[in-house]
Amino acid sequence: MLTNLSWNYVGKLHNDFLNNLKSINTLVFLLNRQRIKLRIALSTLDLILNLLGSVNPDFMPHGEEYALITRDTVESLMRDYDVNKYVTIESMRGHGHTYIVTIKASPTLLIKLMITCGSDCEYYVDDEISIARSNADTYFQLILKASTIMSKVFETDMPRILLTHNPTIYGKIIPINRNEVIALSIWDLLRLNDVISRGDLTLNDISNVVDTFVHEFLHYILDRKYLVSSTFIKMMKRIPSVIDDGVIHELIAWTLTPHVSKYVAECIKYGSASELGGTELAIQYPIRRRHALAARKIINELLMRLNGDCG
């Protein structure tokens with residue numbers, strides 16, 4: 001394992017992480033395997049979040065933001081994530097003690113952390129994390145450009161954008177202090193390693209990079225402008241249920257995302273974009289008529305904003 005990977009030194013490890021590692025290969029671990037693996041996974045994700053976020057501290061959560069981001073990740077790890085399947089911890093003895101923690105977001109998207117303990121404990125990250133850190137500035141700059149363009153095109157305030165470490169999502173909207181915050185996962189950056197590393201990004205590359213952000217920004221606009229509820233009430237003469245609201249939200253976001261991502265990418269690369277107003281986009285999901293009608297009306301209204309201007 002150690003010879004098959006290239007490891008990159010980061011720094012010394014704090015005591016909280018060490019206390020959990022010390023229980024590996026003990027009776028305590030056997031009796032509390034899932035809880036201890038959950039703690040080690042969260043500690044590992046914290047280290048990677050801080051490492052990648054240090055490239056642009058404006059994207060790092062602080063104070064209450066950090067607490068809410070962490071709570072969201074913990075809830076997802078416990079509810080939607082198989083810790084026993086996707087988190088592995090190897091322990092080896094030699095000159096001191098070595099641990100390797102592997103965390104998977106999918107069968108093909110994973111990170112590895114190595115901890116070596118002698119008189120002190122130091123930690124190293126694998127090449128995937130090092131590459132992501134090298135790519136982080138490009139990623140953050142493209143996200144900021146996309147946010148500026150979409151805020152101007154759709155005439156709305158720029159949202160707060162934060163990094164999260166949740167391995168079950170690439171992005172989501174999280175309410176913080178009565179504001180909707182767009183949380184982008186470190187796993188979104190990690191999935192883009194091959195794309196961003198190529199340099200001299202093509203139009204499709206830029207569209208791929210901003211895709212998750214665009215999807216979440218569309219949700220942000222719908223909430224910010226109350227578009228779903230106001231349109232549904234006007235058309236159906238009743239308040240939408242939670243299910244109605246959720247289905248229409250996703251129909252709009254999934255239908256528009258590839259087209260808006262390309263529009264934003266053209267703005268970033270060329271300073272102008274192809275007009276999309278009047279384009280008839282297919283809604284390809286089996287849905288109820290009321291959802292399709294409301295989604296279609298809002299989609300057409302938003303498309304009219306995409307008139308080739310980048311703001």
Side-chain angles (χ1 to χ4, degrees), residues 56 58-59 135-162 170-173 180-185 188-189 191-228 230-231 248-285 292 294-311:
N56 190 329
D58 289 341
F59 282 80
N135 291 339
D137 185 59
T138 299
Y139 175 81
F140 291 140
Q141 292 304 317
L142 288 173
I143 296 302
L144 287 172
K145 289 178 181 179
S147 183
T148 300
I149 290 165
M150 292 189 72
S151 297
K152 290 179 179 178
V153 167
F154 293 108
E155 295 183 352
T156 189
D157 296 334
M158 285 182 64
R160 174 87 166 104
I161 309 167
L162 294 176
Y170 289 142
K172 70 185 299 185
I173 299 290
E180 292 203 325
V181 171
I182 295 180
L184 297 176
S185 180
D188 189 50
L189 172 55
R191 79 173 175 88
L192 293 163
N193 271 353
D194 290 343
V195 174
I196 299 177
S197 294
R198 286 198 288 266
D200 192 21
L201 301 182
T202 66
L203 186 66
N204 285 338
D205 291 338
I206 297 171
S207 179
N208 194 1
V209 171
V210 302
D211 188 74
T212 298
F213 172 77
V214 166
H215 185 88
E216 299 309 324
F217 197 104
L218 288 168
H219 282 298
Y220 171 81
I221 294 168
L222 295 175
D223 286 339
R224 190 83 173 168
K225 296 180 177 292
Y226 303 102
L227 288 177
V228 172
S230 62
T231 301
I248 295 168
H249 253 266
E250 289 302 329
L251 284 174
I252 295 166
W254 281 108
T255 301
L256 281 177
T257 293
H259 304 280
V260 178
S261 293
K262 183 181 178 183
Y263 186 96
V264 170
E266 289 179 353
C267 284
I268 291 172
K269 194 167 182 68
Y270 306 126
S272 61
S274 302
E275 183 176 349
L276 288 177
T279 304
E280 188 72 17
L281 301 183
I283 300 177
Q284 300 177 348
Y285 300 92
R296 171 65 60 204
K297 180 171 176 55
I298 297 169
I299 287 169
N300 289 340
E301 288 176 2
L302 293 177
L303 282 174
M304 294 305 294
R305 297 275 186 174
L306 307 178
N307 57 12
D309 186 16
C310 298

What is the minimum heavy-atom distance between Glu216 and Lys172, and which atoms define it? OE1-CA, 3.4 Å
Which atom of Ala136 lies closest to which atom of Leu189, heavy atoms considered: CB-CD2, 3.9 Å
Using side chain to side chain contact (heavy atoms under 4.5 Å, CB included), reason through Ile252 and Leu302 one step at a time and then give a plain yes or no. CA-CA 10 Å; Ile252 295 166; Leu302 293 177; 4.2 Å; yes
Step-by-step side chain to side chain contact (heavy atoms under 4.5 Å, CB included) determination, Lys145 to Val210: CA-CA 9 Å; Lys145 289 178 181 179; Val210 302; over 6 Å; no
Arg198 CZ to Asn135 CG distance, which is reported to the nearest 0.5 Å: 11.0 Å
Thr212 side chain near Arg191 side chain, heavy-atom distance below 4.5 Å: yes
Beyond-backbone contact of Pro258 with Ser207, side-chain heavy atoms, under 4.5 angstrom: no
Thr148 side-chain N/O to Leu144 backbone N/O, donor-acceptor pair under 3.5 Å: yes
Any side-chain heavy-atom pair of Ile173 and Val181 under 4.5 Å: no
For the residue pair Thr202 and Asp205, confirm or rule out a side-chain donor-acceptor distance under 3.5 Å. yes
One pair to check against side chain to side chain contact (heavy atoms under 4.5 Å, CB included): Asn204 and Asn208. What are the steps and the verdict? CA-CA 6 Å; Asn204 285 338; Asn208 194 1; over 6 Å; no
Would you name the heavy atoms of Pro159 and Ile182 that are closest together and state the gap between them? CG-CD1, 3.7 Å
Spacing of CD belonging to Glu275 relative to CG belonging to Leu306, to within rounding of 0.5 Å: 9.0 Å
Leu256 and its side-chain contact (heavy atoms from CB on, under 4.5 Å) partner, picked from Leu276, Val214, Ile299: Ile299
Looking at Lys269, I want to see if its NZ is surrounded by more than 12 non-hydrogen atoms of other residues, nucleotides or ligands under 6.0 Å. yes
When you measure from the side chain of Tyr263 to the backbone N and O of Gly308, does any donor-acceptor pair fall under 3.5 Å? yes
Inter-residue atom distance Glu266.CD - Ile149.CD1, 0.5 Å rounding: 10.5 Å
In Å, rounded to the nearest 0.5 Å, how long is the span from CG of Leu162 to CZ of Phe59? 9.0 Å
Distance in Å, Ser147 OG paired with Arg160 CZ, rounded so as to fall on 0.5 Å steps: 11.5 Å
To the nearest 0.5 Å, what is the distance between NZ on Lys262 and OG on Ser274? 6.5 Å
Between the side chains of Thr257 and Asp211, does any donor sit under 3.5 Å from an acceptor? no
Using a 3.5 Å cut-off and no angle test, enumerate the donor-acceptor pairs between side-chain atoms of residues 217-224 and protein atoms at least two apart in sequence or in another chain.
unit_1, atom_1, unit_2, atom_2, d
His219, ND1, His249, ND1, 3.0
His219, NE2, His215, NE2, 3.3
His219, NE2, Glu250, OE2, 3.2
Tyr220, OH, Asp157, O, 3.0
Asp223, OD1, His249, NE2, 3.0
Arg224, NH2, Asp157, OD2, 2.6

Walk me through whether Leu201 and Thr138 qualify under side chain to side chain contact (heavy atoms under 4.5 Å, CB included). CA-CA 10 Å; Leu201 301 182; Thr138 299; 4.3 Å; yes
Provide the closest heavy-atom pair for Thr231 versus Ala294 in the form atom of the first, atom of the second, distance. CG2-O, 4.1 Å
State, yes or no, whether a side-chain contact exists between Asp188 and Phe213 at a heavy-atom distance under 4.5 Å. no
